[in-house]
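Report on one structure; see the data block that follows.
Order of appearance sets the numbers: ligands from 1, and atoms from 1 within every ligand.
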Amino acid sequence: MSSETIRIFDTTLRDGEQSPGCSMNIQEKLALAIQLEKLGVSVIEAGFPIASDGDFEAVQAIAKQIDEAIVCGLARTGEGDIERAGRAVESAKKPRIHTFIATSDIHLEHKLRMSREQVLEEVDRSVRQACGFTSDVEFSAEDATRSDWDYLVQVFSTAAEAGATTLNVPDTVGYTTPKEYGDLIAHLRGRVANAESLIFSVHCHNDLGLAVANSLAAIRNGARQVECTLNGIGERAGNTSLEEVVMALKVRADQFEGLDTNIVTEEIYPSSRLLSSVTGVQVQPNKAIVGDNAFAHEAGIHQDGVLKAAITYEIMTPKSIGRASNELVLGKHSGRHAFRNRLSELGFAVEGEEFERAFKRFKDLADAKKVIYNEDLEAIAADSVQTLDERFEFQGLDLRCGSHAKPSATVRLELDGALVECAASGVGPVDAIFCAISELTGTKSELIRYQVHAVTAGLDAQGEVSVTIEEEGRRVIGNGVHEDVMVASAKAYVHALNKLEWHKQRRDVDAPRGI
Ligand code: KIV
Ligand code: ZN
C-alpha cells in the first residue's frame, strides 16, 4: 500500500524561540536548521522576519543554506509584514510565506477591533500579496479553536480562493480536546470548497498537556501537516513535541496505517541535544522520548524483564531515536579518524577549526576522565558549534577556595584580541569567578539563573553549566561544558556575555513578539 505523507512543520526556530530563555543567534539557528534538514522535516519555519533585523537575517541565511526542506517565514497580514517575509525567503529553493490573523470573536473585539467582514477582506488581500512572492502560501486562523466554526469555513474558503494551499487551524491557547479538535478538522474538510486539493494543518499549544493528543486526533480526521517543536518548546507550556508525535505515529503504525512522516528518527536525539545545548534549557528527566529517564529501568522486576527480552518493558529502542547506549566509546589513544567517525555516527558533522577545537577538548577529557561516553562526545561537539564572532575568549582560571579560604579567582580572557587578567574574591568560587569576569568585561548585566547538569553518570562526569543573564530587557543563555565545573561556569558566563555583545551590535527594530 502506498503511504500518505504527514508533513512535519518544525517551528522550533519561530514559536519555539518564543519560550522564555530560548532566543538564539544566527549561527545557532543555522546549526539547528542544518540539523532539522538532516532530521527530515518537511518545513522549517525559520522565523518572523518583521520582528527584528536579527530574525530577518536568520531567515535569509537559512533560506540560502537549506536544500530539501521548505523554508518558511511568518507574517501578520499587514503589507509590510508580508513584504519582509517575502524578501527573507526569496533565495530559498522552496520558499513559503505563512500569514495569519485572529478569527475568534474574543480576539476581534478585544485585540484587533475589527469586524468579521474586515478580517475576511484582510485574509483575501494578504494571501494574494503573499502569492506574488511564492506559490507556496500557508494561512493560519489564530485562535481557531475558540472561533465560530461556520465563520472559520468562510475564512479558510477565502484564503484558499485567494491562493493559499495550506490551511492551518491553531489551538493558540491550548484549549481544545482531542474529540472536539478532530471534529473541527472533519467539519472544515467537509465544508471548505476544494478541500481535497488543500493541506489541512494543525498547530497545538500544550496548556492542558493535550497538544500531542490533539494533533493525533486531527491526523485521524485528515490533517496532513503537524506544526511542532523539538523538545516541545514554545510559548507558555510549549507546542506539540516533534519527537512525541513522530514516535507515536511510528510506534503505533497499526493505529495510523499508511501514514509516514519521512523523519529520520535516528536524528531525533541528536537534534534534541543540540537544541538543549544551544539554549541551555534541558528537558525534564521524565520527558517522553528524549528525557534522561525515558529508557531507564529502575525497578528490579523491570530490569529483570528487559534483560530477558527488551520487548517486556520497551516499546521502542533507544537506537531508534539515535540514542546510543551508554557504552565506552573512545579512549585516550583514539585518533582523529575514530573521533570523527564516532561524532558522525552520533549525528554531528563538525569540520575545520571547530573539529580541531573539539578534538583537543576530547584529548584533554580523555586524559582527565576514565570513561568517555557518547554523551560526553555529544556535549563536546555541541559545545564546539557555539561560535560567535566572539569579543571575549576564555583563556584560563586559577582558583582558591575551600572551608577555610576566602574564595578568590584569577581569570584570563582574550578581550578584542589582547590577553587580560583579573583577580577577584567572592562569597563562593562561582561568585569570585563571575566578579573577575564582570570586572574584565565591564558588563552591566544581571545574573538571572545558574544551573549545573552532569552530562553522564559517575563522579568524573563533565559538568554542563548554563548561565542566564539579562541587560536592558534582553535575556540570553550561555553554556559551558568541562570536567571542572568551575571552568564550565566561567565558559558559560563568557559565552552569555558574547551573546549579549552580539545582540548589542545589531540594532533590533522595535517590532512585535509574543503572538
Ligand atoms: O499559536 C498560534 O496561533 C501561532 C500562529 C502564528 C500559527 O503560533
Ligand atoms: Zn503558536
Side-chain angles (χ1 to χ4, degrees), residues 7-20 22-23 42-51 55 59 70 72-78 81-82 84-85 88-89 96-108 110-112 119 122-123 126-127 130 136-147 151-152 155-156 159 164-176 181 184-185 188 199-212 214-215 218 223 225-242 245 511-515:
R7 292 153 189 81
I8 296 297
F9 175 116
D10 182 275
T11 183
T12 306
L13 301 177
R14 199 279 297 169
D15 218 337
E17 210 212 6
Q18 289 177 210
S19 343
C22 284
S23 68
S42 301
V43 186
I44 297 173
E45 185 162 59
F48 186 18
I50 193 80
D55 257 39
V59 177
I70 294 168
C72 173
L74 182 71
R76 292 167 303 183
T77 51
D81 275 49
I82 307 259
R84 193 100 169 126
V89 297
R96 174 179 292 187
I97 296 177
H98 175 192
T99 184
F100 73 98
I101 190 165
T103 52
S104 66
D105 289 336
I106 301 173
H107 278 233
L108 264 60
H110 299 291
K111 187 180 83 174
L112 298 176
V119 167
E122 193 65 7
V123 171
S126 62
V127 172
D136 187 347
V137 173
E138 170 170 339
F139 170 77
S140 279
E142 190 190 8
D143 205 18
T145 51
R146 293 191 301 168
S147 304
Y151 179 56
L152 274 182
V155 168
F156 283 127
T165 46
T166 303
L167 303 179
N168 185 37
V169 189
D171 183 26
T172 306
V173 290
Y175 178 69
T176 197
Y181 200 46
L184 173 57
I185 300 298
L188 295 171
I199 298 295
F200 283 82
S201 165
V202 288
H203 176 112
C204 297
H205 281 269
N206 207 27
D207 300 66
L208 293 173
L210 292 172
V212 172
N214 288 336
S215 302
Q225 175 176 285
V226 180
E227 304 199 350
C228 46
T229 58
L230 291 170
N231 299 344
I233 65 167
E235 195 71 33
R236 306 182 309 279
N239 287 62
T240 299
S241 141
L242 180 150
V245 86
R513 276 271 165 213
I515 295 153

To the nearest 10°, how many degrees is the angle His205 NE2 to the Zn ion (ligand 2) to His203 NE2?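 Rounded to 10°, it measures 100°.
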Give, for atom OG of Ser241 and atom CG of Asn231, the distance between the pair rounded to the nearest 0.5 Å.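 Here the interatomic distance stands at 7.5 Å.
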Taking Glu142 first and then Lys111, would you say they form a salt bridge - that is, a charged N and a carboxylate O separated by under 4.0 Å? yes
Please list, chain by chain and in numerical order, all residues satisfying ring-ring contact (aromatic ring centres under 6.0 Å, His included) with Phe9, sequence neighbours excluded.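 Scan of Phe9 (ring-ring contact (aromatic ring centres under 6.0 Å, His included), adjacent residues dropped) gives His98.
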Can an N or O of [X] be found at a distance shorter than 3.5 Å from an N or O of ligand 1?
{"X": "Thr172", "value": "yes"}
{"X": "Asp15", "value": "yes"}
{"X": "His205", "value": "yes"}

Any side-chain to backbone donor/acceptor pair from Thr11 onto Glu227? Under 3.5 Å, distance only. no
Could you tell me if Thr176 and Thr145 have a donor-acceptor pair between their side chains, going purely by distance under 3.5 Å? no
Compute whether any side-chain donor of one residue and acceptor of the other, for Asn239 and Thr229, lie under 3.5 angstrom apart. no
Have a look at Glu142, His203, Arg14 and point out the one with the heavy atom closest to atom 6 (C) of ligand 1.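 Result: the heavy atom closest to atom 6 (C) of ligand 1 is in Arg14.
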Does any N, O or S atom of Asp15, backbone or side chain, fall under 2.8 Å from the Zn ion (ligand 2)?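 Of the N, O and S atoms in Asp15, at least one lies under 2.8 Å from the Zn ion (ligand 2), which means yes.
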As an exercise, identify every atom of ligand 1 less than 4.0 angstrom from a heavy atom of Ser140. 7 (C)
